[in-house]
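Here the structure comes first, spelled out in structure tokens, and everything after it is commentary.
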Amino acid sequence: MSTALEIRNLSKTYSGGVEALRGVDLDVEEGDFHALLGPNGAGKSTLIGILTNLVRPTAGEIRVFGVDARAHPERARTLMGVVPQEFNFNVFEKALEILVFQAGLYGIPRTRALPRAQELLERLGLGDQMHQIARHLSGGMKRRLMVARALVNSPRLLILDEPTAGVDIELRRGLWEILTELNQKGTTIILTTHYLEEAEQLCRNLAIIDHGRILEQGPIQDLVRRLEVQTFVLDLAAPATGKELPAAFQVRRIDPERLEIDVPGGLTLNQVFAALEACGLEVISLRNKSNRLEELFVHLVGRGRP
Amino acid sequence: MNAHGLWIALATLLHREVGRFLRIWMQTLLPPVITMSIYFVVFGSLLGSRIQRIDGFSYIEFIVPGLVMMSVITNSFSNVASSFFNARFQRSVEELQVAPLPDWIMVAGYVGGGMLRGILVGFLVLLVSLAFHPVRFHNLPIVLAFLVLTSLVFALAGFSNALIARRFDDISIVPTFILTPLTYFGGVFYSISLLPPFWRGLSRLNPILYMVNGFRFGFLGASDIPTWIGLATLIGLAAGLVALNLGMLARGVGLRT
Ligand SMILES: Nc1ncnc2c1ncn2[C@@H]1O[C@H](COP(=O)(O)OP(=O)(O)O)[C@@H](O)[C@H]1O
Ligand SMILES: [Mg+2]
């Protein structure tokens with residue numbers, strides 16, 4: 001399987017001095033459904049803006065299906081479709097015309113673009129709104145119009161920037177179905193979101209971005225499992241020097257009277273203490289070790305809950 | 001994209017631009033025709049009979065080419081300035097940016113649309129002038145060359161203006177403070193041979209003078225300025241503005257942060 005998107009050391013400093021991206025590396029395999037998860041201001045839209053020619057990168061390399069986007073920007077763009085975060089169509093144009101126009105810009109003649117546009121609008125539930133001007137569509141319809149527009153050139157890589165932000169539950173489910181179907185038919189999809197729930201529902205892989213850096217990347221299941229592990233710092237009554245440590249847990253020595261222990265979800269603290277006692281270790285106090293990633297996750301999950 | 005694909009993209013842009021100004025013809029085509037008809041009535045019919053012949057031509061005959069040129073200038077400019085600025089403002093210009101198009105297609109599409117509006121309005125104004133005086137062509141190729149080049153130059157200028165504008169107000173600065181005065185002092189209403197030497201010399205710095213005179217030469221065969229200077233000025237301005245626009249686009253001015 002080939003790589004749909006390969007980003008190396010991408011950075012962006014805006015003219016005002018904001019470092020929106022600080023050396024981002026990201027790999028998305030062909031056929032993947034990949035989430036880019038991060039809070040507001042993390043740099044998600046900046047990353048997508050660079051991919052789609054709206055933002056100029058300060059440094060870094062991008063390959064889209066192996067095509068170097070800096071050397072052959074136009075060829076790279078033929079492979080992508082994008083649904084931006086903000087509405088960006090001419091609100092006085094009719095829905096159908098918006099699609100036919102976009103298709104024309106990809107070199108698709110009107111005669112071929114018309115049936116394609118009609119089919120896409122039908123598929124996104126906008127069949128009855130084809131001849132309405134965009135301004136008269138509801139928020140959810142506008143969002144679906146942008147999805148239809150992004151599909152006119154049958155992109156191999158579809159990028160969506162927070163497609164479900166501020167969208168009602170029903171529409172969100174509808175959109176999820178459409179995206180899942182597209183992905184099953186072979187379209188690689190990258191979606192940004194600040195809802196962990198959405199990423200879990202839809203995507204196989206996940207990259208977490210914050211302050212312009214990728215903190216983690218991998219299969220969602222792995223990341224979620226890892227997050228269920230809690231780490232505690234234990235202060236001991238006596239130095240543990242020379243003593244054996246419980247084999248059932250991941251335990252690290254920090255200094256003679258202090259240990260760090262990972263407790264997978266499902267185990268109780270009583271089981272932890274029993275294991276420690278069996279090794280002759282007496283605990284005076286314990287505290288939960290704070291974890292940057294975990295804090296971020298808690299924050300993101302919290303916001304994902306309605 | 002291959003040449004065929006680029007051609008379709010360009011045709012798509014032109015189709016939208018022409019469709020736009022035809023659809024809102026009450027704002028784009030009608031006003032210049034009405035304004036110019038009023039000029040014809042006031043200067044041609046009412047005042048014209050009291051004004052001496054200029055270079056052997058009646059006053060209405062003398063001002064028609066200049067007024068046609070004035071319409072071409074303002075309409076080519078403002079079509080591109082407002083349409084392109086509006087696309088930036090609404091962000092629909094992003095539809096062009098994400099598409100696999102080289103920058104020059106964007107320039108060609110908007111500028112082509114502006115030229116077509118300028119030329120169409122010029123033609124309509126000329127048509128109206130027939131009600132006041134028959135038209136004659138001394139040299140039709142010269143007329144067409146000045147028409148096409150002038151619309152090109154001002155459509156390109158409209159594009160530059162829209163690219164650097166931050167607010168809607170910014171796209172009326174050039175028409176108000178530059179185009180209108182230069183056009184009025186550009187020999188539309190008088191021959192510069194009537195001016196005192198100082199003002200005559202100053203007028204020669206005004207590029208619009210060359211356009212108006214060249215265009216008028218095509219109709220009447222009389223001009224204050226050799227025609228080739230007018231053509232060379234227009235070609236030079238067009239080349240400079242093409243380079244300016246493509247340079248700004250390459251640096252991301254106005255479109256890419
Ligand atoms: N055009 C811009 N000029 C200056 N700073 C910007 C611009 N766009 C975004 N930023 C800043 O860059 C950072 C990342 O923003 P953005 O990429 O929009 O994040 P996200 O999409 O993850 O919410 C933020 O601090 C934001 O304020
Ligand atoms: Mg964003």
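Naming: A, B, ... by sequence-line order, numbering from 1 per chain.
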For A:Asp25, which residues count as a salt bridge (charged side-chain N to carboxylate O under 4.0 Å, His left out) partner, sequence neighbours excluded?
none
Does a side-chain heavy-atom distance below 4.5 Å link B:Leu126 with B:Val64?
yes
So which part of A:Tyr14 gets closer than 4.5 Å to some heavy atom of chain B, the side chain, the backbone, both or neither?
side chain
A:Thr188 and A:Glu30: side-chain donor and acceptor closer than 3.5 Å?
no
How close do A:Ala95 and A:Gln129 get, counting heavy atoms only, and between which atoms?
CB-O, 3.7 Å
Answer yes when A:Lys44 and A:Glu162 have at least one side-chain N-carboxylate O distance shorter than 4.0 Å, and no when they do not.
yes
Counting heavy-atom pairs under 4.5 Å with chain B, the top scorer among A:Leu79, A:Asn153, A:Asn90 is A:Asn90
Options A:Leu54, A:Ile98, A:Thr78, A:Leu51, ranked by heavy-atom pairs under 4.5 Å with chain B, top entry:
A:Leu54
Under a 4.0 Å threshold between the charged nitrogen and the carboxylate oxygen, would A:Arg149 count as salt-bridged to B:Glu95?
yes
Determine the interplanar angle of the B:Phe168 and B:Phe85 rings, folded into 0 to 90°, and report it as parallel if under 30°, tilted if 30 to 60°, perpendicular if over 60°.
perpendicular
Count the heavy-atom pairs under 4.5 Å between each of A:Val82, A:Thr46, A:Ile108, A:Val91 and chain B, then report the option with the highest count.
A:Val91
Does any heavy atom of chain A fall under 4.5 Å from the side chain of B:Leu255, the backbone, both, or neither of them?
backbone
Listed by residue number, which members of residues 2-16 of chain B have a heavy atom under 4.5 Å from any heavy atom of chain A?
B:Gly5, B:Ile8, B:Ala9, B:Thr12, B:Leu13, B:His15, B:Arg16
Looking at A:Arg110 and A:Glu97, does any basic side-chain N land under 4.0 Å from a carboxylate oxygen?
yes
